[in-house]
Structures are given as structure tokens and as C-alpha cells.
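Numbers here simply count residues along the sequence, with the first being 1.
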Amino acid sequence: MRSRTLALATASGAALLAAAALPASAQQLAHATTRPAAKSAGVQEGTVGAADLLAKVKDCQQISNGKYRTDEETAATIPVCGKNGAVFWKADMDVDCDGQITAQCNKNTDPWFQEGTAFEQSDGEPLNAEKLPYVVVPSISGIWDYSKAGIKGGGVVAIIYNNKVEYAVVGDTGPDKIIGEASYAAAKGLGIDPDPKTGGADSGVTYILFKNSKASPIESHSDAVSRGDALAKKFLQDN
């Protein structure tokens, strides 16, 4: 998130201007190379299917006071929606590498890297974005206060993309006017390019955050999956 997509847009624009001088067939090839290559479909987690969850979030009862941008340069079009036992939004996915310094997440791989996360492991250390699927929620503002909606650090999240379900935790906070960001591990698990500079997904990502839930400890992905599967089943029953 942050200003990553603006830089990408500038780079893409330059590539398209250069491609304009090429023959039509070559232009098509050049245009195709301005976006990151698609990754594999990822792995389904739990027993609840993506289609069943998506059927419950077709309509939005907006609970946010306004709408969010997906990036700094885009219009504010994304509301936070409410359901029984959960909140959700549909957005893009920018890649967050903040937290522990690892081979894939550091100042060399991510120009926006920060050595901390809003919520920490049980030992007081920052979360590990390379290993732990986590979601970034917007910082509290007049648009929406996640804490008043029953969402907290370590809360369980179902992320749906390309007909796959992955479970994650609420692990970090981001800009107060932007939404749609998750960790390196979350992106990789869904088959999305996890590169914090050039990866992510432009659209098609649904985030369902279960109210008053919490993985224990926050760094246990297996606990998030087991709790998430049970919460997803209850979500289907209650909506």
C-alpha cells in the first residue's frame, strides 16, 4: 500500500509510451508485460468453500461513516460492511512486509519496511510477515473505528481470492484512509505475487473479519485456521 502503486503506475506509463512505437502485435506483448505474472491458485484452508462465504457477502450494509481508498491515488469507493458476527470489505491486496527482519522482508526488499507491527507475538516480538498470514486494518479515524466493531489484534480473518480461502489474523494497522493490505505470507498462500515492491492483487480480494475472535497465540497460524473454520461455519449459519 502506501505509495507503492503510484510508483508502479508511473513505471507502467513509461512502458506503455515506449510500446506505442511498436507494431500492433508487439504492443500487445509489451502491454502484457507491464503487470506481474500471475501466480498459482494457492491452497484452500479449512472445510468451508469460498463460494459459500461469498454468497453471504453479496450485499453490503455499510457500517463505516465513509469509504476508503485502495491506494493514495484512487477514489474512495470501499465501504466496511456489517454482518452477523463479522465485518467485511472487498478490495485489492497490497503486500505488507513489516515486522521481523527476514530474507524476504527487510529494507532491501521493501522500501517501506518498518521493524514493527501494531500487534505483537506472545513473546513481545513483532510479527513475522514472511511466515504469518496477517491482515492490516485502517487506523482508527472518523471513517471507522475497528475496535468498536469488535475487531482486535489477533482477530481471525477469512481472506478469499480466486475461489480459495485462507485464514489470517489482524496483525497491523495502516493509513487511516486506505484499505486492502495483508502480509507477505498471506499473499503467497493465496497464490498472489508476494513481492512488496511489485506484487499484490489489483482487485478481487474479500476480507471477512470475525468479531470478538482471537487466535492464541497470535503467531499460531494453525490456531487461526482451526478457529477460522469453526467461525466460518457459524457465519454461514447466522447469515
Side-chain angles (χ1 to χ4, degrees), residues 39-64 68 78-96 119 127 129 131-138 144 146-173 179-192 194 200-201 203-239:
K39 295 290 182 177
S40 62
V43 178
Q44 168 76 30
E45 292 184 339
T47 60
V48 178
D52 292 332
L53 287 172
L54 291 175
K56 299 294 185 179
V57 295
K58 286 183 178 179
D59 300 317
C60 175
Q61 181 178 348
Q62 183 171 330
I63 61 171
S64 55
Y68 288 95
I78 310 298
V80 176
C81 311
K83 282 285 187 178
N84 290 330
V87 302
F88 73 91
W89 56 81
K90 300 178 181 181
D92 64 345
M93 181 185 285
D94 290 334
V95 179
D96 187 349
F119 308 107
L127 301 181
K131 294 184 177 180
L132 180 69
Y134 70 71
V135 168
V136 180
V137 295
W144 184 56
Y146 65 85
S147 65
K148 291 182 178 179
I151 305 304
K152 53 191 174 183
V156 180
V157 186
I159 313 175
I160 306 165
Y161 178 76
N162 196 24
N163 294 317
K164 299 294 181 182
V165 178
E166 177 182 44
Y167 292 101
V169 294
V170 175
D172 204 358
T173 58
I179 206 166
E181 187 173 9
S183 68
Y184 181 102
K188 185 176 180 180
L190 287 167
I192 295 171
S203 62
V205 185
T206 299
Y207 303 82
I208 302 175
L209 290 70
F210 299 107
K211 296 180 181 180
N212 302 311
S213 64
K214 190 171 184 178
S216 182
I218 187 174
E219 65 268 22
S220 173
H221 181 56
S222 61
D223 191 71
V225 173
S226 60
R227 290 178 189 268
D229 195 44
L231 289 164
K233 291 175 182 176
K234 189 174 189 306
F235 179 75
L236 296 183
Q237 294 174 352
D238 293 345
N239 290 278

Participant: If the test is side-chain contact (heavy atoms from CB on, under 4.5 Å), which one of Y146, W144, F88 qualifies with V80?
Facilitator: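 When side-chain contact (heavy atoms from CB on, under 4.5 Å) is applied between V80 and each of Y146, W144, F88, only W144 qualifies.
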
Participant: Within the 4.5 Å heavy-atom criterion, are D96 and Y134 side-chain neighbours or not?
Facilitator: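 Yes, their side chains come closer than 4.5 Å.
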
Participant: So, using salt bridge (Lys or Arg N to Asp or Glu O under 4.0 Å) as the criterion, who are the partners of D238 when residues are at least two apart?
Facilitator: K234

Participant: Got a sec, which pairs hit salt bridge (charged side-chain N to carboxylate O under 4.0 Å, His left out) with one end in residues 207-226, sequence neighbours left out?
Facilitator: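 The answer is D223-R227.
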
Participant: Could you tell me whether the side chain of M93 reaches within less than 4.5 Å of the side chain of Y161, counting heavy atoms only?
Facilitator: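 Counting from C-beta outward, Y161 and M93 never come under 4.5 Å.
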
Participant: Can you measure from SG (C81) to CD (Q61) and round to the nearest 0.5 angstrom?
Facilitator: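 Between atom SG of C81 and atom CD of Q61 there are 9.0 Å.
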
Participant: Does N239 reach the main-chain N or O of N84 with its side chain, forming a donor-acceptor pair under 3.5 Å?
Facilitator: yes

Participant: Using every non-hydrogen atom in the two residues, find where A86 and F235 come nearest and quote the distance to one decimal.
Facilitator: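 Nearest pair, atom of A86 first, then F235: CB-CE1, 3.7 Å.
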
Participant: With sequence neighbours left out, write down each residue that passes side-chain contact (heavy atoms from CB on, under 4.5 Å) with L209, or none if nothing qualifies.
Facilitator: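 Here the qualifying residues are V87, W89, V137, I151, V157, V170, Y207.
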
Participant: Minimum heavy-atom separation for A91 to I179, with atom names?
Facilitator: CB-CG2, 4.2 Å

Participant: Got a sec, which residues hit side-chain contact (heavy atoms from CB on, under 4.5 Å) with Q44, two or more places apart in sequence or on another chain?
Facilitator: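 Listed in chain order: K164, V165.
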
Participant: Assess whether side chain to side chain contact (heavy atoms under 4.5 Å, CB included) is satisfied between E181 and D172, documenting all intermediate values.
Facilitator: CA-CA 9 Å; E181 187 173 9; D172 204 358; over 6 Å; no

Participant: Of all residues at least two apart in sequence or in a different chain, which pass the side-chain hydrogen bond (donor to acceptor under 3.5 Å, both in side chains) check with S216?
Facilitator: none

Participant: For P133 and S183, which heavy atoms make the closest approach, and how far apart are they?
Facilitator: CA-OG, 3.4 Å

Participant: V205 and I159: which non-hydrogen atoms are nearest, and at how many Å?
Facilitator: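 Minimum heavy-atom contact is CG1-CG2, 3.7 Å.
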
Participant: Minimum heavy-atom separation for S213 to L231, with atom names?
Facilitator: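 For S213 versus L231, the nearest heavy atoms are CB-CD1, 3.7 Å.
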
Participant: Residues two or more places apart in sequence or in another chain: which of them pass side-chain hydrogen bond (donor to acceptor under 3.5 Å, both in side chains) with T206?
Facilitator: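 For T206 there are no side-chain hydrogen bond (donor to acceptor under 3.5 Å, both in side chains) partners, ignoring immediate neighbours.
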
Participant: Can you see which heavy atom on V95 is nearest to which on A187, and at what distance?
Facilitator: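 What the structure gives for the nearest pair is CG2-CB, 4.1 Å.
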
Participant: Using a 3.5 Å cut-off and no angle test, enumerate the donor-acceptor pairs between side-chain atoms of residues 45-54 and protein atoms at least two apart in sequence or in another chain.
Facilitator:
residue, atom, partner, partner atom, Å
E45, OE1, Y167, N, 2.8
E45, OE1, H221, NE2, 3.4
E45, OE2, H221, NE2, 2.8
T47, OG1, D229, OD1, 3.1
T47, OG1, D229, OD2, 3.0

